[in-house]
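To start, the structure itself, in structure tokens.
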Amino acid sequence: MHPGVPHYVYGVENTIIHGGHFYCASQMQATVESLIHTFILSNFISNTFHHPSHELLHHIVVFWALGLLQHPFSANGIIGACFSFHFLINTSDDEHLHLPNVQTFQGLMDLISGCALAVLGNVLDFRTYSAPNQAEEDPTTRAQLQLWKNFDWNDIPGDEHMAICYTRGVALAIFGWIRDWCIVKMPDGEVVEDLSLKYLVNLLDALVGYKDKAKAQGLEGAPHWALWMLKAQISNVVKCDRLIEMLWGQRTGRSSDSLCMDMDKGCTVQWKDDLPSSEWLPCKLYSYCLFCGS
């Protein structure tokens, strides 16, 4: 089932049901929209929020970075190889099939969308706005609020905080790779500069606008959240990259009304010659630990 599809389970007799969610590379743009709607409206449109799925997204983004920037996977079935800290990692075309097809605009946007979710890891996580071990029905105390303001002390465990920060850095490295080596053109031939960050800034802008409208209509989202808390988290994301900060400062002042970029019809993707593997990519150590053990 595609992301964001209204559904329910009907049992004709007493039944035990087990459900689940998964990420599909070709549906990442719809996944972004669905997760943002879930964050904004929470129980109004969804009965659960899957924290473990965040870890899966981290692995996916790091896998994409490894596959697209360091090129260990072969598309023609020949065994490929990647040296990482003197260890040889053998892979086949099976892994290559799971990479987004960045030769097409749709595939490129799926890559950008998945990385945008990684950048917004803590922003869209319900636990960001709750104190440690705070239940949904528990009020926020003054001490808890002060710890949140001063130290971003929330219900996300420390190791997950580190994973979020790391994956955000990998996602931003992918954005930089796209900016340096990818040429996106509109149907009229106009080159779209820095598509990745423009998409991200549009999401952040729309997120604030959507949340403001939901609050005005009395629709609650993530437990214990407040609009100023969301803006504080967005500010932290904006400050982590000077180009994001520059684009954020160039906004018109009116929030975006759309979570997507209205430019997919007829857009083309070209890659510059001699596409390099990025030796400086920070996922090298992570990939070593992932495949060879810590």
Side-chain angles (χ1 to χ4, degrees), residues 18-23 28 31-32 34-36 38-43 46-66 114-174 200 203-204 207 211 220-241 282-294:
H18 176 75
H21 293 75
F22 62 93
Y23 290 104
M28 275 298 177
T31 299
V32 170
S34 298
L35 288 179
I36 287 180
T38 300
F39 172 76
I40 293 170
L41 299 175
S42 187
N43 294 335
S46 178
N47 63 347
T48 187
F49 185 77
H50 295 276
H51 305 304
S53 68
H54 287 200
E55 182 179 357
L56 177 59
L57 180 64
H58 297 164
H59 287 299
I60 290 173
V61 170
V62 172
F63 170 78
W64 286 351
L66 173 66
C115 290
L117 281 178
V119 173
L120 300 179
N122 62 307
V123 177
L124 298 179
D125 194 315
F126 284 20
R127 297 171 297 175
T128 296
Y129 307 92
S130 298
N133 302 314
Q134 183 181 14
E136 183 173 344
E137 64 277 4
D138 294 342
T140 304
T141 67
R142 182 176 298 180
Q144 289 172 332
L145 193 59
Q146 197 62 43
L147 286 171
W148 194 97
K149 287 181 179 179
N150 294 343
F151 307 106
D152 198 19
W153 192 258
N154 55 47
D155 201 28
I156 301 178
D159 57 343
E160 286 193 49
H161 266 296
M162 295 294 291
I164 288 171
C165 291
Y166 180 83
T167 312
R168 175 182 292 157
V170 172
L172 291 175
I174 294 177
L200 178 63
L203 283 182
L204 292 171
L207 183 58
K211 202 65 172 171
E220 297 296 331
H224 312 298
W225 84 278
L227 188 58
W228 67 267
M229 299 172 80
L230 172 62
K231 290 181 177 179
Q233 292 298 323
I234 289 177
S235 178
N236 290 339
V237 170
V238 168
K239 291 176 181 177
C240 73
D241 187 285
C283 74
K284 176 175 286 188
L285 177 59
Y286 187 92
S287 64
Y288 162 75
C289 295
L290 182 64
F291 288 101
C292 302
S294 56

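We count residues from 1, following the sequence as given.
Minimum heavy-atom separation, L200 to A116: CD1-CB, 4.2 Å. Here the closest non-hydrogen pair linking F126 and T38 is CZ-O, 3.6 Å. Nearest heavy atoms, W64 versus G114: CZ3-CA, 3.9 Å. When every heavy atom of A163 is checked against every heavy atom of H58, the shortest pair comes out as CB-ND1, 3.8 Å. Shown here for C240 and L172, the closest heavy-atom pair between the two residues is SG-CD1, 3.8 Å. Between I174 and C115, the shortest heavy-atom contact is CD1-SG, 3.6 Å.
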Begin from the C-alpha positions of F39 and K211 and carry the test side-chain contact (heavy atoms from CB on, under 4.5 Å) through to its verdict. CA-CA 9 Å; F39 172 76; K211 202 65 172 171; 4.1 Å; yes
Run W153 and L145 through side-chain contact (heavy atoms from CB on, under 4.5 Å) and show every step you take. CA-CA 9 Å; W153 192 258; L145 193 59; over 6 Å; no
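Distance CG/L57 to NE2/H59: 10.5 Å, rounded to 0.5 Å. L35 contributes atom CG, which lies 5.5 Å from atom CG of L117 (distance to the nearest 0.5 angstrom). From L120, atom CG reaches atom CD1 of I164 across 11.0 Å, with rounding to the nearest 0.5 Å.
The main-chain N or O of K231 is never found under 3.5 Å from a side-chain atom of S235 such that the two would form a donor-acceptor pair. A donor-acceptor pair under 3.5 Å is absent between the side-chain atoms of Y166 and the main chain of H161, judged by distance alone. The backbone N or O of N133 lies less than 3.5 Å from a partner atom in the side chain of D155, making a donor-acceptor pair. Distance alone, capped at 3.5 Å, places no donor-acceptor pair between the H224 side chain and the R127 backbone.
Shown here are the side-chain contact (heavy atoms from CB on, under 4.5 Å) partners of C165, two or more places apart in sequence or in another chain: there are none. Scanning for side chain to side chain donor-acceptor pair (under 3.5 Å) contacts around T140 gives Q134, with sequence neighbours left out. For I36, the side-chain contact (heavy atoms from CB on, under 4.5 Å) partners two or more places apart in sequence, or in a different chain, are V32, I40, L124, L203, L207, L259. For W148, the ring-ring contact (aromatic ring centres under 6.0 Å, His included) test picks out W228, with sequence neighbours left out. With sequence neighbours excluded, the residues satisfying side-chain contact (heavy atoms from CB on, under 4.5 Å) with A143 are T141. Residues passing the side-chain contact (heavy atoms from CB on, under 4.5 Å) test with A118, sequence neighbours excluded: V61, T167, A171.
E160 and N122 share no donor-acceptor pair across their side chains, judged by distance under 3.5 Å alone.
Taking the side chain as every heavy atom from C-beta outward, T128 and W225 never approach each other to under 4.5 Å.
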